[in-house]
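Taking it in order: structure first as structure tokens, then the write-up.
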Amino acid sequence: MALQPAAGARDLNPQQVERNHKISQRLADTYRQWGYDEVSPPRVERLDTLKAGGAIASQDIVRLVADDPLGLRPEMTASIARAACTRLANRPRPLRLFASGTVFESRPTDEGSLGIEEKLQSGVELFGIREISAEMELLSLLVASAETLELCENHKPQLLMGHTALMDLILSPYQDNQRDAIRKALVDYNRLALDELELSEKQHDRLIKLINCRGIPLVILETLREVFGQHDVLNNLQRLFEQLEPLATSQGINLQLDPTFQPHFELYTGLVFQLVCQATAAPMVIARGGRYDGLVARCGAKANSAAGLGFSFAVDDIRELLSAAPPEPELIKATLVAYGENTTLEQALKHQRLCHQEGKRALVELETCRDREEALTRLAARNCTELDWIDS
Amino acid sequence: MITVALAKGALLKDSVARFSNAGLDFSAVLDPDNRQLMVPSSCGRARALLVRNGDVPVYVAYGQAQLGVVGYDVLREHQMPVAQLVDLGFGGCRLAVAVKASSGYEHAADLPPHCRVASKFTHCAREFFDALDLPVELVHLTGSVELGPITGMAEAIVDLVATGRTLRDNGLVAIEDLFQSSARLVGHPLALRLDRGELQAIVEAMRTQTELPQALV
């Protein structure tokens, strides 16, 4: 019998589960406070739904052996978007939903076999608003949620943002293969690939300027206006950043606008962002999200209401990040019900039930104790703080 | 603190010189008595990880090092998600198909289908032969690849050629190049995107000195 879990699958101990639960609970409380309702999308879906119309590559999906092409969800957005456009289509917009649960990502391991990455996520989705007001609410909620995690200064949280419309502006003078090659070089941050492309000196210099362009959002917007002139997307982002900047600063989150930043999943058609913290050695993405109007349209929403955006927190990563400097474990009050030779286990179980009815956490010592003193010595081993001794 | 992954071996001396000109002095790694694998710079704001050539993109891709110097051949072979920033110009060589001088083959396409080709760079070799539509059996070796054709195990090899002397001394001849390689400055894409100028300043300093005539550097 194999004793190891499959590569990448989670196998958590009680302490880790407790911490995950606490993080998820804090996030969920915040989402509820902001008027979001909880949904629970399926873990198993048709591959077609999971691929989100080609936005997610099939090699990223853990497939199931079944007559129907089925897979485990690599993220929850596609399933929630489908629900929003079908069962919940008649609910008034804006529709605010949140979900937490496990997602599975497939990736080849270094040894060439298949690895399954199983992660706990907690995130929100906001449907039906095409205007910048949706981004303003979503990023404010992101900052409020991050606040509940009690990140410290050493984590240096940074909110990295890009926008697909900024990328479109950059690529607007180029066509077909050249456009694809430039996009790939910019997204991969491959400066040398840009040098190798056949471009005029002016085009090359402009792209080099843009691949090096990132920093404080309002400053970067000014630079982009100098290059592209006035555009709606720049004005919308200006409004967003003016509202967000003081809020983020008050929580110690640095904002970084990077016009050539695009995430791994090609799901997004608007603002994209990642909340990144500094882990012990390398940067760690603890939340990611963006606008995915295209996906909502593919799910069947009508043109004027085909709008959706959301984010998700990576709960396991946050637990690891915070456990680098773990807080003192909280002493949970618990009662140990122990019994002597003059009574029975049945009596002890009855007593335990009484404790539970009073709302106390209580567990029974299954072995008979010689006397009260012996029972007291077992308190620590059973993680209990009080003893209820019955011996008559 | 900035962490830089440096490849032990042929590229090390030039890599240290380039970082030194960009303001990070890692000359302690060149000390023959040094056995430390993580060496701080003399200014104290950076540290160098001394790793094998093939491991540089791994440390950079996982974010343990923000910058690294490695040959283009390794980048092509391992295909790790790292940002290629500057062609540093040193460590020049080419990846080539070589055969026994007496074999009579003049081009890679002359090789018989399904023949064996020995290489340390099987990924690059696979790409090359696939593009030629020539089916070959690739044999992965980790060194002394020239022995493949000499012993008769393989018809050809795909290996790095700098001066060509090793090939000549072993009775082999290069018949076709896959690509030219030189040392590259690479970076962790996310670290570069989160950068507020510190990494960019080092990258630009290294680019500027690469673009200068080498006599002035």
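So you know, we letter chains A, B, ... as the sequences are listed, proteins then strands, and number each from 1.
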Can you tell which part of [X] gets under 4.5 Å to a heavy atom of chain B, answering side chain, backbone, both or neither?
| X | result |
| --- | --- |
| A:Thr280 | neither |
| A:Leu159 | neither |
| A:Asn190 | both |

### Query
Where is the tightest heavy-atom contact between A:Leu192 and B:Val86, given as atom of each residue plus distance?
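Looking at all heavy atoms of both residues, the closest pair is CD1-C, 3.8 Å.
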
### Nearest atoms (heavy-atom pairs only) where A:Ala282 meets B:Gly63
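Smallest heavy-atom distance, with atoms named: CB-O, 3.4 Å.
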
### Message
Which one wins on heavy-atom pair count under 4.5 Å against chain B: A:Thr260, A:Asp188, A:Leu194?
### Response
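Result: the option with the highest number of such pairs is A:Thr260.
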
Can you confirm whether [X] is buried at [atom1], in the sense that more than 12 heavy atoms of other residues, nucleotides or ligands lie under 6.0 Å from that atom?
| X | atom1 | result |
| --- | --- | --- |
| B:Glu106 | CD | no |
| B:Asp31 | CG | yes |
| B:Arg52 | CZ | no |
| B:Tyr59 | OH | no |
| B:Arg76 | CZ | yes |
| B:Met153 | CE | yes |

### Query
Does A:Asn212 offer a backbone N or O that forms a donor-acceptor pair with the side chain of B:Gln200 under 3.5 Å?
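Not confirmed, B:Gln200 side chain does not pair with A:Asn212 backbone.
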
### Spacing of B:Leu185 atom CG and A:Arg191 atom CZ [to the nearest 0.5 Å]
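Result: 11.0 Å between the selected atoms.
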
### Query
Could you give the distance from CZ (A:Arg214) to CZ (B:Arg193), rounded to the nearest 0.5 Å?
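Interatomic distance, A:Arg214 CZ to B:Arg193 CZ, rounded to 0.5 Å: 5.5 Å.
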
### Task
Could you give me the CA-CA distance, side-chain angles and deciding distance for A:Asn254 and B:Arg196, then say whether side-chain contact (heavy atoms from CB on, under 4.5 Å) is met?
CA-CA 10 Å; A:Asn254 267 330; B:Arg196 282 281 169 100; 4.2 Å; yes

### Query
Does B:Leu190 reach the side chain of A:Leu160, with side-chain heavy atoms less than 4.5 Å apart?
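Heavy-atom side-chain distance check passes, below 4.5 Å.
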
### Task
Would you mind telling me which of B:Asp195, B:Val203, B:Thr3 has the largest number of heavy-atom pairs within less than 4.5 Å of chain A?
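The residue among B:Asp195, B:Val203, B:Thr3 with the greatest pair count is B:Asp195.
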
